[in-house]
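What follows is a short report on a single structure.
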Number of protein chains: 2
Amino acid sequence: MPESNNVRPSGGRHSKEDVAATALLILDQFGLPDLTMRRLASALDVQPGALYWHYPNKQALIAELADRILAPAVLFTDESQGWEGRTQAAAARLRDALLAYRDGAEVVTSTLAIGLGATDLIELFAASIRNGGFDPRTARRASTALVHLVLGHVGQEQQRLQYDGLGVVVDGARPEDARRETEQDDSFAFGVALLIRGLTALEADLTSADRFVWDR
Amino acid sequence: MPESNNVRPSGGRHSKEDVAATALLILDQFGLPDLTMRRLASALDVQPGALYWHYPNKQALIAELADRILAPAVLFTDESQGWEGRTQAAAARLRDALLAYRDGAEVVTSTLAIGLGATDLIELFAASIRNGGFDPRTARRASTALVHLVLGHVGQEQQRLQYDGLGVVVDGARPEDARRETEQDDSFAFGVALLIRGLTALEADLTSADRFVWDR
DNA sequence: ACCTGAACACCGTTCAAGT
DNA sequence: ACCTGAACACCGTTCAAGT
(Lines give C-alpha, C1' and ligand atoms only; values in the text may rest on other atoms or scores of the structure.)
Protein backbone atom coordinates (compact mmCIF):
# COMPACT_ATOMS: atom_id res chain seq x y z
CA MET A 1 0.00 0.00 0.00
CA PRO A 2 1.39 3.43 -0.95
CA GLU A 3 1.87 5.60 2.10
CA SER A 4 -0.18 8.72 1.56
CA ASN A 5 -1.40 11.26 4.05
CA ASN A 6 -1.98 13.11 0.84
CA VAL A 7 -4.36 15.94 0.14
CA ARG A 8 -5.12 15.58 -3.53
CA PRO A 9 -8.08 17.59 -4.71
CA SER A 10 -11.01 15.83 -6.36
CA GLY A 11 -10.08 17.29 -9.75
CA GLY A 12 -6.75 15.47 -9.48
CA ARG A 13 -4.57 18.51 -10.13
CA HIS A 14 -2.89 21.04 -7.86
CA SER A 15 -2.43 24.82 -7.86
CA LYS A 16 0.38 27.00 -6.54
CA GLU A 17 -1.94 27.65 -3.62
CA ASP A 18 -2.20 23.93 -2.75
CA VAL A 19 1.53 23.48 -2.91
CA ALA A 20 2.30 26.44 -0.64
CA ALA A 21 -0.40 25.51 1.87
CA THR A 22 0.84 21.92 2.13
CA ALA A 23 4.44 23.11 2.43
CA LEU A 24 3.40 25.37 5.30
CA LEU A 25 1.78 22.37 6.98
CA ILE A 26 4.93 20.27 6.71
CA LEU A 27 7.04 23.20 7.90
CA ASP A 28 4.92 23.70 10.97
CA GLN A 29 4.73 20.02 11.87
CA PHE A 30 8.26 18.84 11.11
CA GLY A 31 10.46 21.92 10.73
CA LEU A 32 12.51 23.43 7.91
CA PRO A 33 15.12 20.65 7.59
CA ASP A 34 12.34 18.12 6.93
CA LEU A 35 10.68 20.29 4.31
CA THR A 36 12.18 18.67 1.22
CA MET A 37 10.81 18.80 -2.29
CA ARG A 38 10.46 15.04 -2.32
CA ARG A 39 8.59 14.95 0.96
CA LEU A 40 6.33 17.77 -0.17
CA ALA A 41 5.66 15.95 -3.42
CA SER A 42 4.71 12.76 -1.65
CA ALA A 43 2.39 14.69 0.70
CA LEU A 44 0.70 16.03 -2.43
CA ASP A 45 0.70 12.52 -3.92
CA VAL A 46 2.71 13.69 -6.86
CA GLN A 47 6.14 13.07 -8.39
CA PRO A 48 8.93 15.44 -7.27
CA GLY A 49 9.33 16.89 -10.73
CA ALA A 50 5.72 18.08 -10.74
CA LEU A 51 6.56 20.78 -8.17
CA TYR A 52 8.75 22.51 -10.73
CA TRP A 53 5.76 23.34 -12.81
CA HIS A 54 4.46 25.47 -9.90
CA TYR A 55 7.73 26.94 -8.62
CA PRO A 56 11.02 27.33 -10.51
CA ASN A 57 13.03 26.07 -7.54
CA LYS A 58 12.99 25.45 -3.81
CA GLN A 59 14.15 28.97 -2.92
CA ALA A 60 11.12 30.45 -4.70
CA LEU A 61 8.85 28.15 -2.73
CA ILE A 62 10.51 29.16 0.55
CA ALA A 63 10.16 32.83 -0.40
CA GLU A 64 6.44 32.26 -0.93
CA LEU A 65 6.22 30.70 2.53
CA ALA A 66 8.07 33.69 4.00
CA ASP A 67 5.51 36.01 2.40
CA ARG A 68 2.66 34.03 3.90
CA ILE A 69 4.24 33.93 7.33
CA LEU A 70 4.82 37.69 7.28
CA ALA A 71 1.40 38.60 5.88
CA PRO A 72 -0.34 39.05 9.25
CA ALA A 73 2.44 41.37 10.46
CA VAL A 74 2.62 43.44 7.28
CA LEU A 75 -1.06 43.88 6.46
CA PHE A 76 -2.14 44.99 9.89
CA THR A 77 -2.22 48.69 10.70
CA ASP A 78 -2.81 49.94 14.20
CA GLU A 79 -3.53 53.17 15.95
CA SER A 80 -1.32 53.06 19.00
CA GLN A 81 -0.34 56.17 20.87
CA GLY A 82 2.69 57.90 19.33
CA TRP A 83 5.32 56.66 16.92
CA GLU A 84 7.22 54.85 19.68
CA GLY A 85 4.13 52.85 20.55
CA ARG A 86 3.43 52.03 16.90
CA THR A 87 7.02 50.96 16.31
CA GLN A 88 7.06 48.75 19.39
CA ALA A 89 3.69 47.31 18.33
CA ALA A 90 5.04 46.57 14.86
CA ALA A 91 7.98 44.69 16.39
CA ALA A 92 5.66 42.66 18.58
CA ARG A 93 3.48 41.89 15.55
CA LEU A 94 6.48 40.73 13.55
CA ARG A 95 7.62 38.54 16.41
CA ASP A 96 4.17 37.00 16.78
CA ALA A 97 3.97 36.29 13.06
CA LEU A 98 7.36 34.55 13.11
CA LEU A 99 6.46 32.54 16.21
CA ALA A 100 3.22 31.36 14.59
CA TYR A 101 5.11 28.85 12.43
CA ARG A 102 7.84 26.45 13.41
CA ASP A 103 11.22 27.79 12.18
CA GLY A 104 9.44 30.92 10.98
CA ALA A 105 12.43 33.18 11.67
CA GLU A 106 14.80 30.88 9.78
CA VAL A 107 12.48 30.80 6.78
CA VAL A 108 12.37 34.59 6.62
CA THR A 109 16.08 35.01 7.34
CA SER A 110 17.05 32.58 4.60
CA THR A 111 14.78 34.38 2.16
CA LEU A 112 16.33 37.69 3.16
CA ALA A 113 19.76 36.10 2.75
CA ILE A 114 19.14 35.52 -0.94
CA GLY A 115 17.83 39.02 -1.48
CA LEU A 116 14.05 38.61 -1.60
CA GLY A 117 11.16 40.34 0.17
CA ALA A 118 13.23 42.68 2.29
CA THR A 119 11.44 45.89 1.36
CA ASP A 120 8.05 45.04 2.88
CA LEU A 121 9.69 44.08 6.12
CA ILE A 122 11.71 47.28 6.41
CA GLU A 123 8.74 49.41 5.45
CA LEU A 124 6.84 47.80 8.32
CA PHE A 125 8.94 49.87 10.70
CA ALA A 126 10.03 52.72 8.48
CA ALA A 127 6.53 54.13 8.20
CA SER A 128 6.02 54.53 11.93
CA ILE A 129 9.51 55.92 12.43
CA ARG A 130 9.14 58.52 9.69
CA ASN A 131 5.91 59.35 11.40
CA GLY A 132 8.04 60.39 14.38
CA GLY A 133 9.62 63.13 12.28
CA PHE A 134 12.79 61.30 11.22
CA ASP A 135 14.14 61.60 7.71
CA PRO A 136 13.71 58.63 5.34
CA ARG A 137 17.38 57.65 5.51
CA THR A 138 17.42 57.52 9.28
CA ALA A 139 14.09 55.67 9.27
CA ARG A 140 15.41 53.10 6.81
CA ARG A 141 18.55 52.49 8.81
CA ALA A 142 16.76 52.18 12.12
CA SER A 143 14.19 49.86 10.51
CA THR A 144 16.92 47.62 9.16
CA ALA A 145 18.43 47.41 12.63
CA LEU A 146 15.03 46.53 14.09
CA VAL A 147 14.48 43.79 11.53
CA HIS A 148 17.85 42.24 12.35
CA LEU A 149 17.11 42.50 16.05
CA VAL A 150 13.73 40.79 15.78
CA LEU A 151 14.89 38.06 13.40
CA GLY A 152 17.91 37.27 15.55
CA HIS A 153 15.92 37.19 18.73
CA VAL A 154 13.10 35.00 17.43
CA GLY A 155 15.63 32.74 15.77
CA GLN A 156 17.19 32.05 19.14
CA GLU A 157 13.80 31.71 20.73
CA GLN A 158 12.69 29.08 18.24
CA GLN A 159 15.96 27.21 18.62
CA ARG A 160 15.25 26.85 22.35
CA LEU A 161 11.74 25.70 21.58
CA GLN A 162 13.30 22.91 19.55
CA TYR A 163 15.55 21.91 22.44
CA ASP A 164 12.63 21.95 24.83
CA GLY A 165 10.67 19.84 22.38
CA LEU A 166 13.19 17.06 22.88
CA GLY A 167 12.33 16.84 26.58
CA VAL A 168 9.19 14.89 27.35
CA VAL A 169 6.40 16.74 29.08
CA VAL A 170 4.15 14.17 30.70
CA ASP A 171 1.01 15.93 31.78
CA GLY A 172 1.89 19.27 33.31
CA ALA A 173 3.81 22.40 32.57
CA ARG A 174 7.35 22.61 33.92
CA PRO A 175 7.76 25.69 36.08
CA GLU A 176 11.02 26.66 34.35
CA ASP A 177 9.20 27.09 31.04
CA ALA A 178 7.05 29.96 32.14
CA ARG A 179 10.00 31.74 33.73
CA ARG A 180 12.04 31.33 30.59
CA GLU A 181 9.20 32.61 28.42
CA THR A 182 8.81 35.83 30.32
CA GLU A 183 12.59 36.25 30.33
CA GLN A 184 12.47 35.94 26.54
CA ASP A 185 9.61 38.42 26.35
CA ASP A 186 11.45 40.92 28.52
CA SER A 187 14.70 40.50 26.63
CA PHE A 188 12.91 41.08 23.35
CA ALA A 189 11.05 44.15 24.58
CA PHE A 190 14.26 45.49 26.08
CA GLY A 191 16.22 45.26 22.85
CA VAL A 192 13.50 46.97 20.86
CA ALA A 193 13.08 49.64 23.53
CA LEU A 194 16.82 50.31 23.50
CA LEU A 195 16.74 51.09 19.81
CA ILE A 196 13.68 53.29 20.08
CA ARG A 197 15.13 55.08 23.07
CA GLY A 198 18.29 55.63 21.06
CA LEU A 199 16.23 57.27 18.35
CA THR A 200 14.46 59.67 20.67
CA ALA A 201 17.78 60.52 22.30
CA LEU A 202 19.23 61.15 18.88
CA GLU A 203 16.34 63.46 18.09
CA ALA A 204 16.99 65.38 21.29
CA ASP A 205 20.70 65.56 20.49
CA LEU A 206 19.94 67.07 17.09
CA THR A 207 17.45 69.65 18.23
CA SER A 208 19.91 70.79 20.87
CA ALA A 209 22.22 71.67 17.99
CA ASP A 210 24.93 69.11 18.75
CA ARG A 211 24.58 67.47 15.36
CA PHE A 212 27.32 64.88 15.33
CA VAL A 213 26.99 62.85 18.48
CA TRP A 214 26.14 59.64 16.69
CA ASP A 215 28.10 60.30 13.54
CA ARG A 216 31.38 58.39 14.18
CA MET B 1 44.56 11.51 -13.74
CA PRO B 2 42.94 12.11 -10.37
CA GLU B 3 42.09 15.75 -9.88
CA SER B 4 43.90 16.86 -6.76
CA ASN B 5 44.71 20.34 -5.61
CA ASN B 6 45.32 18.43 -2.44
CA VAL B 7 47.46 19.37 0.51
CA ARG B 8 48.48 16.06 1.97
CA PRO B 9 51.30 16.23 4.50
CA SER B 10 54.46 14.24 3.86
CA GLY B 11 53.62 11.88 6.71
CA GLY B 12 50.48 10.88 4.83
CA ARG B 13 48.05 11.54 7.65
CA HIS B 14 45.97 14.54 8.69
CA SER B 15 45.13 16.25 11.97
CA LYS B 16 42.02 18.14 13.10
CA GLU B 17 44.07 21.24 12.41
CA ASP B 18 44.67 20.31 8.75
CA VAL B 19 41.01 19.56 8.20
CA ALA B 20 39.82 22.85 9.69
CA ALA B 21 42.42 24.90 7.83
CA THR B 22 41.55 23.33 4.49
CA ALA B 23 37.83 23.77 5.18
CA LEU B 24 38.46 27.46 5.85
CA LEU B 25 40.26 27.68 2.52
CA ILE B 26 37.38 26.15 0.63
CA LEU B 27 34.89 28.35 2.49
CA ASP B 28 36.78 31.49 1.60
CA GLN B 29 37.28 30.58 -2.05
CA PHE B 30 33.94 29.00 -2.93
CA GLY B 31 31.46 29.86 -0.18
CA LEU B 32 29.46 27.91 2.35
CA PRO B 33 27.16 26.06 -0.09
CA ASP B 34 30.22 24.59 -1.82
CA LEU B 35 31.81 23.47 1.43
CA THR B 36 30.67 19.85 1.40
CA MET B 37 32.24 16.96 3.27
CA ARG B 38 32.98 15.21 0.00
CA ARG B 39 34.62 18.23 -1.54
CA LEU B 40 36.67 18.79 1.60
CA ALA B 41 37.72 15.15 1.60
CA SER B 42 38.89 15.33 -1.99
CA ALA B 43 40.85 18.52 -1.27
CA LEU B 44 42.59 16.58 1.50
CA ASP B 45 43.03 13.64 -0.87
CA VAL B 46 41.09 11.40 1.45
CA GLN B 47 37.85 9.41 1.41
CA PRO B 48 34.76 11.21 2.79
CA GLY B 49 34.44 8.81 5.69
CA ALA B 50 37.90 9.75 6.95
CA LEU B 51 36.61 13.16 8.03
CA TYR B 52 34.42 11.52 10.64
CA TRP B 53 37.45 10.37 12.55
CA HIS B 54 38.34 14.05 13.10
CA TYR B 55 34.87 15.54 13.59
CA PRO B 56 31.69 13.73 14.66
CA ASN B 57 29.63 15.53 12.01
CA LYS B 58 29.49 18.52 9.69
CA GLN B 59 27.93 20.83 12.28
CA ALA B 60 30.88 20.28 14.61
CA LEU B 61 33.27 21.17 11.79
CA ILE B 62 31.31 24.33 11.02
CA ALA B 63 31.33 25.25 14.72
CA GLU B 64 35.12 24.92 14.69
CA LEU B 65 35.27 27.24 11.68
CA ALA B 66 33.05 29.73 13.49
CA ASP B 67 35.46 29.68 16.44
CA ARG B 68 38.41 30.36 14.17
CA ILE B 69 36.62 33.15 12.35
CA LEU B 70 35.68 34.80 15.64
CA ALA B 71 39.07 34.36 17.30
CA PRO B 72 40.57 37.70 16.20
CA ALA B 73 37.52 39.58 17.49
CA VAL B 74 37.31 37.72 20.80
CA LEU B 75 40.97 37.60 21.81
CA PHE B 76 41.71 41.22 21.19
CA THR B 77 41.39 43.69 24.06
CA ASP B 78 41.63 47.39 23.55
CA GLU B 79 41.90 50.54 25.59
CA SER B 80 39.53 52.91 23.89
CA GLN B 81 38.13 55.90 25.65
CA GLY B 82 35.07 55.05 27.74
CA TRP B 83 32.72 52.10 27.63
CA GLU B 84 30.85 53.50 24.64
CA GLY B 85 34.07 53.61 22.66
CA ARG B 86 35.05 50.11 23.71
CA THR B 87 31.63 48.73 22.83
CA GLN B 88 31.64 50.39 19.44
CA ALA B 89 35.17 49.13 18.86
CA ALA B 90 34.12 45.60 19.79
CA ALA B 91 31.29 45.78 17.25
CA ALA B 92 33.68 46.98 14.55
CA ARG B 93 36.11 44.18 15.43
CA LEU B 94 33.37 41.57 15.21
CA ARG B 95 32.28 42.93 11.86
CA ASP B 96 35.83 42.88 10.53
CA ALA B 97 36.32 39.30 11.70
CA LEU B 98 33.13 38.20 9.93
CA LEU B 99 34.04 40.05 6.75
CA ALA B 100 37.47 38.41 6.69
CA TYR B 101 35.96 35.14 5.39
CA ARG B 102 33.43 34.61 2.66
CA ASP B 103 30.02 33.82 4.22
CA GLY B 104 31.56 34.42 7.66
CA ALA B 105 28.32 35.79 9.11
CA GLU B 106 26.32 32.81 7.86
CA VAL B 107 28.81 30.37 9.37
CA VAL B 108 28.54 32.02 12.78
CA THR B 109 24.76 32.47 12.57
CA SER B 110 24.21 28.83 11.68
CA THR B 111 26.42 27.76 14.57
CA LEU B 112 24.49 30.03 16.91
CA ALA B 113 21.28 28.57 15.51
CA ILE B 114 22.17 25.12 16.77
CA GLY B 115 23.15 26.44 20.19
CA LEU B 116 26.95 26.51 20.09
CA GLY B 117 29.54 29.17 20.94
CA ALA B 118 27.12 31.91 21.86
CA THR B 119 28.63 32.80 25.23
CA ASP B 120 31.98 34.06 23.97
CA LEU B 121 30.27 36.29 21.49
CA ILE B 122 27.93 37.84 24.03
CA GLU B 123 30.73 38.30 26.54
CA LEU B 124 32.61 40.24 23.86
CA PHE B 125 30.15 43.09 24.43
CA ALA B 126 28.94 42.37 27.92
CA ALA B 127 32.29 43.14 29.51
CA SER B 128 32.54 46.64 28.13
CA ILE B 129 28.90 47.38 28.87
CA ARG B 130 29.16 46.25 32.49
CA ASN B 131 32.20 48.47 32.60
CA GLY B 132 29.80 51.34 31.95
CA GLY B 133 28.09 50.63 35.25
CA PHE B 134 25.19 48.53 33.99
CA ASP B 135 24.03 45.46 35.85
CA PRO B 136 24.88 42.04 34.38
CA ARG B 137 21.33 41.35 33.23
CA THR B 138 21.08 44.59 31.31
CA ALA B 139 24.56 44.05 29.90
CA ARG B 140 23.66 40.55 28.72
CA ARG B 141 20.47 41.73 27.06
CA ALA B 142 22.10 44.66 25.32
CA SER B 143 24.96 42.40 24.19
CA THR B 144 22.56 39.90 22.72
CA ALA B 145 20.87 42.69 20.81
CA LEU B 146 24.24 43.91 19.53
CA VAL B 147 25.22 40.42 18.37
CA HIS B 148 21.97 40.08 16.42
CA LEU B 149 22.47 43.53 14.94
CA VAL B 150 26.01 42.82 13.76
CA LEU B 151 25.27 39.33 12.43
CA GLY B 152 22.23 40.55 10.55
CA HIS B 153 24.02 43.50 9.07
CA VAL B 154 27.12 41.63 7.94
CA GLY B 155 24.91 38.85 6.60
CA GLN B 156 23.25 41.35 4.28
CA GLU B 157 26.57 42.91 3.44
CA GLN B 158 28.06 39.58 2.37
CA GLN B 159 24.99 38.73 0.37
CA ARG B 160 25.50 41.89 -1.68
CA LEU B 161 29.14 41.04 -2.13
CA GLN B 162 27.99 37.79 -3.70
CA TYR B 163 25.65 39.65 -6.06
CA ASP B 164 28.41 42.06 -7.03
CA GLY B 165 30.69 39.07 -7.61
CA LEU B 166 28.40 37.98 -10.42
CA GLY B 167 29.02 41.20 -12.32
CA VAL B 168 32.25 41.27 -14.23
CA VAL B 169 34.76 43.94 -13.32
CA VAL B 170 37.12 44.35 -16.22
CA ASP B 171 40.01 46.40 -14.99
CA GLY B 172 38.73 49.27 -12.90
CA ALA B 173 36.59 49.90 -9.87
CA ARG B 174 33.00 50.82 -10.53
CA PRO B 175 32.13 54.13 -8.89
CA GLU B 176 28.92 52.73 -7.36
CA ASP B 177 30.89 50.24 -5.31
CA ALA B 178 32.67 52.79 -3.17
CA ARG B 179 29.48 54.69 -2.54
CA ARG B 180 27.69 51.53 -1.49
CA GLU B 181 30.54 50.54 0.80
CA THR B 182 30.51 53.76 2.76
CA GLU B 183 26.72 53.58 2.89
CA GLN B 184 27.11 50.11 4.45
CA ASP B 185 29.72 51.39 6.88
CA ASP B 186 27.52 54.29 7.95
CA SER B 187 24.44 52.11 8.27
CA PHE B 188 26.36 49.68 10.46
CA ALA B 189 27.82 52.37 12.69
CA PHE B 190 24.41 54.00 12.94
CA GLY B 191 22.66 50.87 14.17
CA VAL B 192 25.34 50.21 16.77
CA ALA B 193 25.33 53.84 17.87
CA LEU B 194 21.55 53.77 18.26
CA LEU B 195 21.76 50.90 20.70
CA ILE B 196 24.56 52.47 22.70
CA ARG B 197 22.76 55.81 22.73
CA GLY B 198 19.70 53.97 23.98
CA LEU B 199 21.73 52.57 26.85
CA THR B 200 23.12 55.91 27.96
CA ALA B 201 19.65 57.41 27.71
CA LEU B 202 18.33 54.57 29.82
CA GLU B 203 21.01 55.24 32.39
CA ALA B 204 20.01 58.89 32.50
CA ASP B 205 16.35 57.91 32.82
CA LEU B 206 17.13 55.72 35.80
CA THR B 207 19.31 58.16 37.67
CA SER B 208 16.65 60.82 37.26
CA ALA B 209 14.40 58.50 39.27
CA ASP B 210 11.91 57.75 36.50
CA ARG B 211 12.59 54.05 36.64
CA PHE B 212 10.06 52.56 34.23
CA VAL B 213 10.43 54.40 30.96
CA TRP B 214 11.57 51.36 29.02
CA ASP B 215 9.79 48.72 31.06
CA ARG B 216 6.61 48.14 29.00
C1' DA C 1 46.01 6.77 15.15
C1' DC C 2 44.20 7.45 10.82
C1' DC C 3 42.25 5.83 6.60
C1' DT C 4 39.85 2.79 2.73
C1' DG C 5 35.95 0.66 0.41
C1' DA C 6 31.64 0.36 0.02
C1' DA C 7 27.42 0.97 1.07
C1' DC C 8 22.78 3.34 2.97
C1' DA C 9 19.43 6.57 2.63
C1' DC C 10 18.68 10.37 0.97
C1' DC C 11 18.83 15.28 -1.81
C1' DG C 12 17.36 19.22 -5.81
C1' DT C 13 16.62 19.56 -10.59
C1' DT C 14 15.72 18.48 -15.61
C1' DC C 15 13.01 16.99 -19.37
C1' DA C 16 10.85 14.23 -22.90
C1' DA C 17 6.56 12.35 -23.03
C1' DG C 18 1.89 11.70 -21.61
C1' DT C 19 -3.32 13.43 -20.69
C1' DA D 1 -2.49 23.08 -17.73
C1' DC D 2 -0.51 19.79 -14.98
C1' DC D 3 1.83 15.51 -14.28
C1' DT D 4 4.75 10.91 -14.95
C1' DG D 5 8.97 8.30 -15.47
C1' DA D 6 13.30 8.25 -15.31
C1' DA D 7 17.38 9.88 -14.99
C1' DC D 8 21.61 13.13 -13.51
C1' DA D 9 24.64 14.70 -10.32
C1' DC D 10 25.08 15.06 -6.17
C1' DC D 11 24.60 14.91 -0.55
C1' DG D 12 25.91 13.39 4.93
C1' DT D 13 26.91 9.43 7.54
C1' DT D 14 28.23 4.61 9.04
C1' DC D 15 31.31 0.90 9.67
C1' DA D 16 33.95 -3.27 9.05
C1' DA D 17 38.39 -3.80 7.71
C1' DG D 18 43.03 -2.42 6.74
C1' DT D 19 47.96 -0.25 8.15
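Bear in mind that the values here come from a model prediction, so they are computed numbers and not experimental data.
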ask   = Hey, are A:Glu181 and A:Arg160 close enough for a salt bridge, meaning a charged N less than 4.0 Å from a carboxylate O?
value =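 No, A:Glu181 and A:Arg160 are not salt-bridged.
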inquiry  = Any salt bridge linking B:Glu17 with B:Arg68? Criterion: basic side-chain nitrogen under 4.0 Å from a carboxylate oxygen.
reply    =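 So B:Glu17 pairs with B:Arg68 through a salt bridge.
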inquiry  = Please compare A:Thr36 and B:Ser15 by the position of their nearest nucleotide in DNA chain C and report the one closer to 5'.
reply    =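 Its nucleotide being nearer the 5' end, the pick is B:Ser15.
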Tell me the interatomic distance from [X], atom [atom1], to [N], atom [atom2], rounded to whole angstroms.
X	N	atom1	atom2	value
A:Leu51	C:dC15	CG	C1'	15 Å
B:Asp45	C:dC3	CG	P	10 Å
B:Lys58	D:dT14	NZ	P	14 Å
B:Met37	C:dA9	CE	P	20 Å
A:Trp53	C:dT13	CH2	P	18 Å
A:Asp18	D:dC2	CG	P	10 Å
A:Leu32	C:dG12	CG	P	11 Å
A:Leu35	C:dC11	CG	P	11 Å

inquiry  = Using Watson-Crick or G-U wobble geometry with both distances under 3.5 Å, which nucleotide pairs with D:dA6?
reply    =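 The answer is C:dT14, by the H-bond criterion.
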key: Side-chain N,O (A:Tyr52) to OP1/OP2 (C:dT14) below 4.0 Å   =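 Negative; the distance criterion is not met.
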query = Is there a side-chain polar atom (N or O) of B:His54 under 4.0 Å from OP1 or OP2 of C:dC3?
reply =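 True: B:His54 side-chain N/O within range (under 4.0 Å) of C:dC3 OP1/OP2.
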inquiry  = Work out how far the P atom of C:dC10 is from that of D:dA9, and round it to whole angstrom.
reply    =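 22 Å, rounded to whole Å.
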query = C1' atom, C:dC2 versus D:dA17: distance in rounded Å?
reply =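 Here C:dC2 and D:dA17 have their C1' atoms 13 Å from each other.
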B:Gln184 backbone acceptor or donor facing B:His153 side chain under 3.5 Å =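 Side chain of B:His153 to backbone of B:Gln184: a pair is present.
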query = Where the side chain of A:Thr111 meets the backbone of A:Val107, is there a donor-acceptor pair that is under 3.5 Å apart?
reply =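 Answer holds: yes.
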Given [options], identify the nucleotide with an atom nearest to the side chain of [X].
X	options	answer
A:Arg13	D:dA1, D:dG12, D:dT4	D:dA1
A:Arg38	D:dC3, C:dC11, C:dG5	C:dC11
B:Asn57	D:dT13, C:dC2, D:dC3	D:dT13
B:Gln47	C:dT13, D:dT13, C:dT4	C:dT4

message = Quick check on side-chain contact (heavy atoms from CB on, under 4.5 Å): which of A:Leu25, A:Leu24, A:Leu65 does A:Leu35 satisfy it with?
response =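 When side-chain contact (heavy atoms from CB on, under 4.5 Å) is applied between A:Leu35 and each of A:Leu25, A:Leu24, A:Leu65, only A:Leu65 qualifies.
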